[in-house]
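Below: the structure, in structure tokens.
Indexing begins at 1, ligand by ligand and atom by atom, following the structure's order. For the single chain, residues carry numbers from 1 onward in sequence order.
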Amino acid sequence: MQDHSQSNSAALRTAETYNSPHSPAQRVLIVTAVDAEKDAVLRGLGHASGFDVIAGGVGPAATAAATARQLIQVSYDVVISAGIAGGFAGQAEVSSIVIADAIIAADLGSETEDGFSSVQELGFGTDRIQVDTASARKLAGALNRAGAAVTLGPVLTVSTTTGTAASAERLVNRVPNAAAEAMEGFGVATAAAAAGVPVLEIRSISNMVGPRDRSAWKIKEALQALETASSLLPEVLR
Ligand SMILES: O=C(O)c1cccc(C(=O)CC[C@H]2O[C@@H](n3cnc4c(=O)[nH]cnc43)[C@H](O)[C@@H]2O)c1
């Protein structure tokens, strides 16, 4: 699914969303990297109950540890990795939203004379974790109906942000339909999978994957899109 119509977040923030009489029966853990993302998610959720939101730090290791620590303390029905991300050209534009249909550790493996071999190809484990497909589709559908630009596709987790066109091309060759790149999804998903809890990843696009130009990142717009996506979660997950 790919719909590039502009989002109208104001239209989504209905009284029904904020004051839903249908609190989610599910208990949901949302893990962001930094506080600015956490605050955007909390603004979107409004007064909805059943959601815990934590900022687990940047990168897969920090967020895996934070997610695992939380999962030991509380029993959850769903875990969500959420935050801003880089979008792959032709798949996800700045300010749009990507819902992961797979969470892929794109740089976990080994360089060889013939190129990159994933941890899976090396026989040391898995480089991808399946999401809760039904909920991912439901959320993407709800965003689409609300007029948001949304892509359902693979979200890559990297430990080093891509900074050149050549590196971006290498990733696309590895995962041809990659929609977005961020740094936490696989860590959150690994902790969730170890606890047997379904996982989702929601990313709003702040920049395009490719040559690094941090001054061009549209963080404010991406945080607004993250707020919009979060505002639909109480209805989608109830
Ligand atoms: O400076 C700020 O105000 C600010 C507000 C919210 C978030 C940030 C971050 O820098 C978050 C870092 C986070 O962003 C993800 N990200 C975003 N773009 C990319 C990318 O092109 N490649 C990889 N990761 C990206 C990532 O998940 C970082 O953890 C700053």
Who's the nearest protein heavy-atom neighbour of [atom], and how far?
| atom | value |
| --- | --- |
| atom 3 (O) of ligand 1 | Ile219 CG2, 4.0 Å |
| atom 15 (C) of ligand 1 | Ile84 O, 3.2 Å |
| atom 27 (O) of ligand 1 | Glu184 OE1, 2.6 Å |

Does ligand 1 have a heavy atom under 4.0 Å from the side chain of [X], from its backbone, from both, or from neither?
| X | value |
| --- | --- |
| Val34 | side chain |
| Arg203 | side chain |
| Arg214 | side chain |

State the atoms of ligand 1, each with its element, that fall below the 4.0 Å cut-off from a heavy-atom position in [X].
| X | value |
| --- | --- |
| Ala85 | 16 (N), 17 (C), 18 (N), 19 (C) |
| Asn207 | 17 (C), 18 (N), 19 (C), 20 (C), 21 (O) |
| Ala36 | 5 (C), 6 (C) |
| Val58 | 29 (O) |
| Ala182 | 23 (C), 24 (N), 27 (O) |
| Ser206 | 17 (C), 18 (N) |
| Trp217 | 17 (C), 18 (N), 19 (C) |
| Ala33 | 29 (O) |

Return yes if a side-chain donor-acceptor contact under 3.5 Å exists between Thr228 and Ser231, otherwise no.
no
What I want to check is whether the side chains of Arg212 and Thr162 have a donor and an acceptor closer together than 3.5 Å.
no
Just checking, Arg174 and Phe116: is the charged tip under 6.0 Å from the six-membered ring centre and within 45° of the axis?
yes
I need the minimum non-hydrogen distance between Ala85 and Ala180, along with the two atoms involved.
CB-CB, 4.3 Å
For Ser215 and Asp213, what are the C-alpha separation, side-chain angles and deciding distance, and is it a side chain to side chain donor-acceptor pair (under 3.5 Å)?
CA-CA 5 Å; Ser215 65; Asp213 178 6; 2.7 Å; yes
Side-chain heavy atoms under 4.5 angstrom apart, residues restricted to Ile, Leu, Val, Met, Phe, Trp, Tyr: same cluster for Val188 and Leu156?
no
Could you check whether Lys218 pairs with Glu93 (Lys NZ or Arg NE/NH1/NH2 to Asp/Glu carboxylate O, under 4.0 Å)?
no
Salt bridge between Asp101 and Arg137, side-chain N to carboxylate O under 4.0 Å?
no
Would you say that more than 12 heavy atoms from the other residues, nucleotides or ligands in this model lie under 6.0 Å from the CD of Glu169, or not?
no
Kindly indicate whether atom 7 (C) of ligand 1 is approached by any protein heavy atom to under 4.0 angstrom.
yes
Decide yes or no for Val119 and Thr126: does some side-chain heavy atom of the first lie under 4.5 Å from some side-chain heavy atom of the second?
no
I'd like to check Ser206 versus Val94 (side-chain heavy atoms, cut-off strictly below 4.5 Å). Are they in contact?
no
State if Val209 counts as touching ligand 1 under the rule of any non-hydrogen atom under 4.0 Å.
no
Close approach, Thr162 and ligand 1, non-hydrogen under 4.0 angstrom
no
